[in-house]
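Read the structure below first, then the notes.
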Amino acid sequence: MRTMSGRVVYRKINRDGGYHILECARSMVTRCRAVMLPRFGGPDVLEIRDNVEVPDLKADEILVRSRAVSVNPLDTRMRAGYGRSLFEPLLPLILGRDVSGEVAAVGASVTSLSIGQEVFGALHPTAARGTYTDYAILPEFELTKKPEKMSHVDASAIPFVALTAWRALKSTAKITEGQRVLILGGGGAVGFSAVQIAVAAGCHVATTCGVESIDRVLAAGAEQAVDYTSEDIETLIKGKYDAVLDTIGGPDTETLGINFLFKGGRYMTLQGESASYADSYGIIVGLPLATAVLAKKQLQYRMSHGIDYSWVYMRADPEGLQEVRRLCDAGKFNIPVEKIFPITQVREAHEAKDKRHVIGKIVLEVD
C-alpha cells in the first residue's frame with residue numbers, strides 16, 4: 001500500500017501471526033539534482049543536472065538525503081579515466097563514495113535504520129551511482145548512525161578513508177595491542193586514519209609525513225613522526241615492525257617498508273595494480289594478469305624476507321564502520337577538513353584537488 005507521503009509500505013508477517021510495517025521501494029522523490037560524469041577528462045567535464053532519475057530501492061537499500069559528500073582521490077582519478085575498463089560502459093555516471101545525511105526512505109528488509117535518522121557511510125569503489133547528488137542510494141550495510149557530535153561536513157570526510165585503513169590494519173594485518181605498526185604517508189587521509197586506528201588498538205605507531213603534518217600525527221598518538229622531505233627515514237626509524245601500511249606506493253617505499261618488517265610481518269600497499277592492468281589490457285586479460293603479478297610478489301617476498309605482501313582496497317565493513325563511529329564519539333578519531341565547496345562548485349573543488357591547492361580533505365556541501 002502507499003502512505004500519504006507517497007512511500008510504498010509492506011506488511012511483514014511475524015512468527016506470532018502479527019505484522020509490522022516496513023517502508024520500501026519508493027518515496028516521493030523520483031528525480032533529483034546530481035553531478036554527472038558524461039565522459040572522462042578534466043574537472044570541466046563534470047555537469048550538474050537537475051532532473052536525474054532516482055531509482056526504486058532494492059529491499060536492502062536506503063535512500064539518503066545528502067548533506068555533505070567528500071572528494072576522494074578515487075573520485076578525481078575516476079573522472080580522469082582510471083577504471084575506464086569497468087566504468088566506460090556505464091557512462092554517464094555519478095561520482096562520489098562518501099556521504100553524510102538523513103534517511104529519506106528504506107527498502108523492505110532494512111531494520112537497522114529508520115526514516116529521519118542521521119547517517120554516514122561510503123559506497124564500494126566500483127559503485128556506478130555515487131554520492132554527488134541530493135539523494136544517494138546505499139545498501140544498509142554501508143551505512144550507520146552519524147557520530148552525534150560531528151557535523152555532516154566533518155562526518156562525510158571519514159567513511160571511505162577510515163574503512164580503507166581499517167581493511168588494511170584490522171582485516172588484513174589483524175593488528176593487536178602491543179604490536180609495532182609503521183605507516184608510510186601518515187599525513188594523508190588514509191594514513192592519518194591508520195595512525196588513529198592503530199593507536200586505538202594499543203599499538204606502538206611510527207609514521208612518515210610532511211613537516212606540516214608532524215604535530216597532528218603526534219597529537220593523535222604516534223610515538224614517532226619523521227619528515228620524509230628532509231630527514232633520513234632509514235636512519236631515524238629504529239627497529240622492526242609487525243605491520244607496514246604504505247599509502248604512497250612505488251619501488252622506493254615498497255623496498256623501505258619490506259626492510260622494516262619482522263619475519264612473519266605484513267606489508268600492505270594501497271597502490272594495487274588491478275584496475276591499471278584491466279585498463280591497459282581489458283578486464284578479461286588484465287585482471288588475471290594482475291592476479292599473477294600479485295602472486296609472484298607474494299611468493300618473492302615470502303621466500304626472500306619471510307613476510308606477507310598485500311594489495312589493499314576499501315571494502316564495506318559494517319563492524320568497522322560502527323567501530324569508527326564509536327571512536328569518533330569518544331574523540332579518538334577525526335579527519336580534518338581543509339576546504340568546503342558548495343556542490344555547485346564541484347569543478348572548482350576537483351581542480352583544487354588536482355593542482356594540490358588544498359592538501360587536506362575537501363568536502364562538497366549539499367544545500
Side-chain angles (χ1 to χ4, degrees), residues 57-75 96-104 106-107 109-127 129-132 136-175 188-201 220 245 247 268 270 312-337 361 363:
L57 298 181
K58 297 178 183 177
D60 66 339
E61 290 181 332
I62 295 176
L63 184 70
V64 178
R65 173 63 172 96
S66 306
R67 298 300 178 184
V69 299
S70 75
V71 177
N72 288 295
L74 179 61
D75 302 343
R97 306 296 101 181
D98 290 313
V99 67
S100 183
E102 299 101 29
V103 175
V106 299
S109 65
V110 173
T111 58
S112 65
L113 296 165
S114 57
I115 291 175
Q117 283 187 304
E118 293 187 325
V119 294
F120 81 144
L123 287 163
H124 189 273
T126 59
R129 190 184 192 279
T131 58
Y132 287 11
I137 296 176
L138 293 86
E140 180 180 14
F141 66 87
E142 293 182 345
L143 288 166
T144 193
K145 296 176 183 177
K146 180 181 74 65
E148 291 184 3
K149 298 179 181 179
M150 280 190 170
S151 67
H152 285 299
V153 165
D154 289 334
S156 74
I158 290 172
F160 191 83
V161 295
L163 288 175
T164 303
W166 184 274
R167 170 81 183 276
L169 298 181
K170 301 291 281 189
S171 300
T172 303
K174 302 186 187 302
I175 58 171
V190 175
F192 189 51
S193 297
V195 168
Q196 295 173 93
I197 289 170
V199 168
L245 175 58
T247 72
M268 298 157 289
L270 302 184
V312 176
Y313 307 93
M314 179 273 189
R315 182 181 64 187
D317 186 319
E319 179 184 345
L321 186 59
Q322 291 171 19
E323 180 59 27
V324 168
R325 175 176 59 81
R326 286 190 283 269
L327 291 176
C328 292
D329 284 335
K332 296 180 179 181
F333 193 99
N334 75 92
I335 299 296
V337 175
K361 205 70 189 280
V363 167

*Is a side-chain N or O of Asp329 found less than 3.5 angstrom from the main chain of Glu148, in a donor-acceptor match?*
yes
*With Asp75, which residues qualify under salt bridge (Lys or Arg N to Asp or Glu O under 4.0 Å), at least two apart?*
none
*Could you verify whether a donor N or O on one side chain and an acceptor N or O on the other, from Asn72 and Asp98, lie under 3.5 Å apart?*
yes
*Full working for side chain to side chain contact (heavy atoms under 4.5 Å, CB included) between Leu138 and Ile62*: CA-CA 5 Å; Leu138 293 86; Ile62 295 176; 5.7 Å; no
*Would you find a donor on one side and an acceptor on the other, under 3.5 Å apart, between the side chain of Arg97 and the backbone of Ala127?*
yes
*Does a side-chain heavy-atom distance below 4.5 Å link Leu123 with Glu142?*
yes
_Under a 4.0 Å threshold between the charged nitrogen and the carboxylate oxygen, would Arg67 count as salt-bridged to Glu102?_
yes
_side chain to side chain contact (heavy atoms under 4.5 Å, CB included) between Phe333 and Ser193, worked out_ = CA-CA 8 Å; Phe333 193 99; Ser193 297; 3.5 Å; yes
*Short question: side chain of Glu61, backbone of Lys58 - any donor-acceptor pair under 3.5 Å?*
yes
*Please report the shortest heavy-atom distance between Gly121 and Leu321, naming the atom on each side.*
CA-CD2, 4.1 Å
_Against Lys146, only a single residue in Ser151, Ser100, Ser156 fulfils side-chain contact (heavy atoms from CB on, under 4.5 Å); can you say which?_
Ser100
_Quick check: do Lys145 and Leu113 have side-chain heavy atoms less than 4.5 Å from each other?_
yes
_Glu118 side chain reached by His152 side chain, heavy atoms, under 4.5 Å_ = yes
*Can you check whether Val106 reaches Leu57 side chain to side chain, under 4.5 Å on heavy atoms?*
no
*Taking all non-hydrogen atoms of both residues into account, name the closest pair between Ser112 and Glu140 and its distance.*
OG-OE2, 2.6 Å
*Any chance you could measure Asn334, atom CG, to Cys328, atom SG, to the nearest 0.5 Å?*
7.5 Å
*Which pair of heavy atoms, one from Gln196 and one from Ala220, lies closest together, and at what distance?*
CG-CB, 4.1 Å
*Evaluate side chain to side chain contact (heavy atoms under 4.5 Å, CB included) for Val103 paired with Leu143, printing each intermediate quantity in order.*
CA-CA 10 Å; Val103 175; Leu143 288 166; 5.8 Å; no
*If you round to the nearest 0.5 Å, how far is CD of Gln322 from CG of Leu327?*
12.0 Å
_Worked check of side chain to side chain contact (heavy atoms under 4.5 Å, CB included) between Val71 and Tyr132_ = CA-CA 9 Å; Val71 177; Tyr132 287 11; 3.6 Å; yes
Side-chain donor/acceptor pairs under 3.5 Å, residues 158-170, sequence neighbours excluded:
residue, atom, partner, partner atom, Å
Thr164, OG1, Phe160, O, 2.7
Arg167, NH1, Tyr313, O, 3.0

*Would you name the heavy atoms of Ala157 and Lys361 that are closest together and state the gap between them?*
O-NZ, 2.7 Å
*Compare all side-chain heavy atoms of Met150 with those of Phe120 and state whether any distance is below 4.5 angstrom.*
no
_Non-hydrogen atoms of Ala198 and Ile175 that approach each other most closely_ = CA-CD1, 3.9 Å
